[in-house]
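Structure first, commentary second.
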Number of protein chains: 2
Amino acid sequence: MYARDDSASAEAWQRLPESEHVEAAAESFRMLADPTRLRILWLLCGGEHDVGTLAEKVVAARPSVSQHLAKLRMTGLVAARRDGRRVVYRARGGHVRRLLREAMEAADHHLTGAPDHN
Amino acid sequence: MYARDDSASAEAWQRLPESEHVEAAAESFRMLADPTRLRILWLLCGGEHDVGTLAEKVVAARPSVSQHLAKLRMTGLVAARRDGRRVVYRARGGHVRRLLREAMEAADHHLTGAPDHN
DNA sequence: ACCATACGTGCTCATGTACGCACGCGACGA
DNA sequence: TCGTCGCGTGCGTACATGAGCACGTATGGT
């Protein structure tokens with residue numbers, strides 16, 4: 001009933017992680033900190049999509065979506081593949097999926113009622 | 001072997017969540033998108049801390065830490081309590097802990113070797 | 001009452017970034 | 001070869017944000 005290496009059990013939180021890890025995590029979070037990118041990633045978690053389809057679904061100009069996809073690609077969150085004259089993107093890594101679902105669940109808790117269960 | 005309501009199983013990712021949820025999630029991610037706030041939250045996940053101690057441990061000016069704590073408090077990620085002339089902050093909600101650990105794990109994967117296991 | 005401590009706030013400066021438009025480039029089809 | 005379609009890029013603009021200084025405020029000790 002103690003030290004499940006999980007949520008509580010303050011052991012791990014005592015000392016700060018190395019700066020490189022912190023900055024890398026911050027960078028990942030910054031990629032998730034934009035509604036448009038969030039929607040793009042959400043759709044990409046469901047399967048492959050080309051830029052035009054994404055731009056249409058997230059209701060944004062294609063250049064904007066392209067820029068977002070470029071950033072996401074640089075960060076390694078998505079991967080690109082050519083199909084004819086289109087470029088098809090897909091989500092990359094299970095971490096993104098878990099972070100998205102966790103955030104959406106938190107948002108739901110934050111909106112429906114109780115701010116959070118402490 | 002299908003529909004575990006988990007990572008894959010594209011069902012849930014087909015349609016975008018409501019805008020309110022997306023923006024709320026983006027806001028939460030924006031709070032986590034800064035190295036200083038990330039460090040502060042990390043320490044607060046391990047227990048209560050006052051502003052001065054936090055400023056000392058994260059190596060930042062006290063006013064800066066205070067501003068960050070204000071934002072985190074507005075977002076509901078941390079809570080404050082008065083103890084004498086100090087103000088003691090604590091983390092609030094298990095979502096933050098899970099997001100932090102998930103992000104740190106992802107950062108570790110991203111740094112040590114394989115960018116990610118697709 | 002006076003001083004010291006611990007926070008919070010207003011402010012400015014510098015930086016980062018999202019958006020959309022116009023353009024250039026590569027890939028198909030006639 | 002020429003026209004069309006789909007993407008990416010270089011701008012400029014408008015906006016949000018982080019850092020630190022100086023100051024105001026509240027609490028507790030002498």
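On a predicted model such as this, the values are computed, not experimentally measured, just so you know. Chain naming here is simple, since letters A, B, ... match the order of the sequence lines and numbering starts at 1 in each.
Residue pairs meeting the ring pair (Phe, Tyr, Trp, His ring centres under 6.0 Å) criterion with at least one partner in residues 18-57 of chain B, sequence neighbours excluded, are Trp13(A)-Trp42(B), Phe29(A)-Phe29(B). Sorted pairs that involve residues 51-62 of chain B and meet salt bridge (Lys or Arg N to Asp or Glu O under 4.0 Å), not counting sequence neighbours, are lacking altogether. Here salt bridge (Lys or Arg N to Asp or Glu O under 4.0 Å) pairs that include residues 13-30 of chain B, with residues two or more places apart or in two chains, number zero. A side chain to side chain donor-acceptor pair (under 3.5 Å) check over residues 67-80 of chain A, counting only residues at least two apart or in different chains, returns the pairs Arg37(A)-His68(A).
Partners of Thr53(A) by side-chain hydrogen bond (donor to acceptor under 3.5 Å, both in side chains), not counting sequence neighbours, listed by chain and number: Asp50(A). With sequence neighbours excluded, no residue forms a ring pair (Phe, Tyr, Trp, His ring centres under 6.0 Å) with Tyr89(B). With sequence neighbours left out, Asp34(B) forms a salt bridge (charged side-chain N to carboxylate O under 4.0 Å, His left out) with no residue at all.
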* Asked: Using a cut-off of 4.0 Å between protein heavy atoms and nucleotide atoms, how would you tag nucleotides 1-6 of chain C 5' to 3' with B, S and -?
  -> ---BBS
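Proximity of a side-chain donor or acceptor of Arg92(B) to a complementary backbone N or O of Gly76(B) within less than 3.5 Å is detected.
The shortest heavy-atom contact between Val87(B) and Ala80(B) is CG1-CB, 3.9 Å. Residue Glu48(A) comes nearest to Val88(A) through the heavy atom pair CB-CG1, 3.2 Å, listed as atom of the first residue, atom of the second, then distance.
No hydrogens or angles considered: a donor-acceptor pair under 3.5 Å links the side chains of Glu102(B) and His95(A).
In the region residues 61-74 of chain A, proximity to DNA chain C at under 4.0 angstrom, judged on heavy atoms, holds for Ala61(A), Pro63(A), Ser64(A), Gln67(A), His68(A), Lys71(A). For the segment residues 26-40 of chain B, the set of residues with a heavy atom within less than 4.0 Å of an atom of DNA chain D comprises Arg30(B), Asp34(B), Thr36(B), Arg37(B), in numerical order.
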* Asked: Checking side-chain contact (heavy atoms from CB on, under 4.5 Å) for the pair Ser19(A)/Arg39(B): CA distance, chi angles, key distance, verdict?
  -> CA-CA 9 Å; Ser19(A) 286; Arg39(B) 282 185 251 264; 3.4 Å; yes
* **Stepwise side-chain contact (heavy atoms from CB on, under 4.5 Å) test for Thr36(A) and Leu54(A)** => CA-CA 10 Å; Thr36(A) 301; Leu54(A) 285 173; over 6 Å; no
* To do: Applying side-chain contact (heavy atoms from CB on, under 4.5 Å), run through Leu43(A) and Leu38(A) and close with a yes or a no.
  => CA-CA 9 Å; Leu43(A) 290 174; Leu38(A) 224 48; over 6 Å; no
* To do: Carefully, step by step, assess Arg98(A) and Arg98(B) under the rule side-chain contact (heavy atoms from CB on, under 4.5 Å).
  => CA-CA 10 Å; Arg98(A) 283 191 289 276; Arg98(B) 283 191 288 275; over 6 Å; no
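For DNA chain D, the outermost nucleotides in 5' to 3' order that have an atom under 4.0 Å from a heavy atom of chain B are dT17(D) to dG28(D).
Each end of the helix from dA1(C)-dT30(D) to dA30(C)-dT1(D) gets its own axis, taken as the rotation carrying the C1' atoms of four end pairs onto the next four within a five-pair window, and the two axes meet at 20° to the nearest 10 degrees.
Rounded to an integer number of Å, the gap from Glu56(B) CD to dC7(C) P is 11 Å.
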